[in-house]
Amino acid sequence: MDRTYLIKPDLDEDYPVIDYGKGVYLYDITGKRYLDASSGAVTANIGHGVQEITEAMLNQAKKVSFVYRSQFSSKAAENLAKKIALSTPGDLNWSFFVNSGSEATETAMKIAIQYWQEKGRPRKTKILSRWVSYHGITLGALSMSGHPGRRSRFVPLLADSPVISPPYCYRCPFNKQPNTCEYECAKELDLAISRVGPESVAAFIAEPIVGAAGGAITPPKDYYKIIKEICEKHEILFIADEVMTGFGRTGTMLACEHWDIIPDIVSLGKGMGAGYAPIAATLVSERVMAPIQNGTKIIMSGHTLSANPQSSAVALAVMDYLEKQNILTEVEPKGTYLLNLLGKLKNKFSFIGDIRGKGLLIGVEFVGNPKTKQSFPRELKVTERIIKVAKDQGLLLYPAAAGLDGTSGEAIIISPPLTITIREIEELVKLFSSALNKIAEELAIQGVKIEW
Ligand SMILES: Cc1ncc(COP(=O)(O)O)c(C=O)c1O
């Protein structure tokens, strides 16, 4: 092949070249078909090639694609913000549109800091977060991310936001059992805030379900209630990073709804444009907007393409499509069906340590020994190999970090488009099983002993 001028994720790898997509399938230019079991990066929530979206795109493009937000508003952006306000719980009524999840979490952080400034408490500037988390790649967002692999090159430039352990029941940081643990992982926040000093803390940020940093780690029932109470006690805002979990991925508009809490600020991305256009949002509650409305009236954030009508029209069409096709109501039953089929694979492959998640956001963690939960030696690159073998066989999976240190474990995420059918779920599990078979054979040939 001729030299490339495009910087791709791995400079040595030959990537297939995409031709087109339809539903849950993608086709490369050689005609090879891939079942998109990860929705790309948990993004293509309504599948590929949906005509309603391309029509909405064209209709908006024929009128106007771009206006600058300090010169014009647009019907598309106004209607999108209204629809989001009506579809999300509580008083999360205000939207600030940006272009990526990283910008959405970074804007959330800035709004939290500004909120306290407007209330006359300018010392409250620190944002606290958890280890085993990911909030984005820009420096502010990376500062909040407890993802050692993504932080390591930039550590001297980053704030030390991650302060508490993740709610990782499979590998409980406190060696407790879920039913009798008394939520020490949540209560750790109380101690961390006291140590840092609540007078200097603006907010605590967390992903309702940990995505790429932990492989769909899903906290138990009362976890977020306790977190929210601790935040309120210390007068600290709670930011829910729903970039991966929002827009129906778990069957509700926001994943927080499963824990029955309403955050002060929310970041959205990925499924919002469903891959059809770059768009993300920071949702702000009336409570947080009030002092800004009564104060300086200007939020100090924004990008050239913020709230552009083109991307807004796409996200609006995605919301209409979710609604008209009644997609969200099917997410939990489909997720349960998929979880059950995956559960059966546990009897066949002892190196499946844990299967977890909610709706159609499912994580599978692999271990060398299911009894001791000992991970495979990292040099074996088990995750990377599973992803590669699956891709060769026509199945796309999403890699995740795992392990309490965020680097030593092996996990993947299965997150197909929410529109996947039962037959396609069965095909997905068959392909996954076949990929795991191949890896088991390869590991056996290499002399790696897998315990039962
Ligand atoms: C929870 C979460 N927050 C933020 C981001 C960053 O989003 P983006 O890659 O669109 O900048 C991601 C991306 O994976 C994410 O999963």
Using a 4.5 Å cut-off on heavy atoms from C-beta on, say whether the side chain of [Y] contacts that of [X].
X    : Y    : value
K221 : Y183 : yes
V210 : Y168 : no
V367 : E410 : no
L6   : Y15  : no
P16  : K391 : yes
I164 : C185 : no
H234 : S194 : yes

Is the number of heavy atoms from other residues, nucleotides or ligands under 6.0 Å of E55 CD greater than 12? yes
Roughly how far, to the nearest 0.5 Å, is OG of S145 from CZ of R150?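 Interatomic distance, R150 CZ to S145 OG, rounded to 0.5 Å: 8.5 Å.
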Relative to the ring of [Y], is the ring of [X] parallel (under 30°), tilted (30 to 60°) or perpendicular (over 60°)?
X    : Y    : result
F204 : F238 : parallel
W259 : Y224 : perpendicular
Y20  : Y27  : parallel

Under 4.0 Å between a Lys/Arg side-chain N and an Asp/Glu carboxylate O for R423 and E427?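 Judged by the 4.0 Å cut-off on N to carboxylate O distance, R423 and E427 do form a salt bridge.
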Is the shortest distance from a Lys or Arg side-chain nitrogen in K430 or E426 to a carboxylate oxygen in the other one below 4.0 Å? no
Can K373 be said to sit on top of Y170's aromatic six-ring, NZ or CZ under 6.0 Å from centre and within 45° of the ring axis? yes
R3 charged N/C atom sitting above Y5 aromatic ring, 6.0 Å / 45°: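 Checked: cation-pi criterion met.
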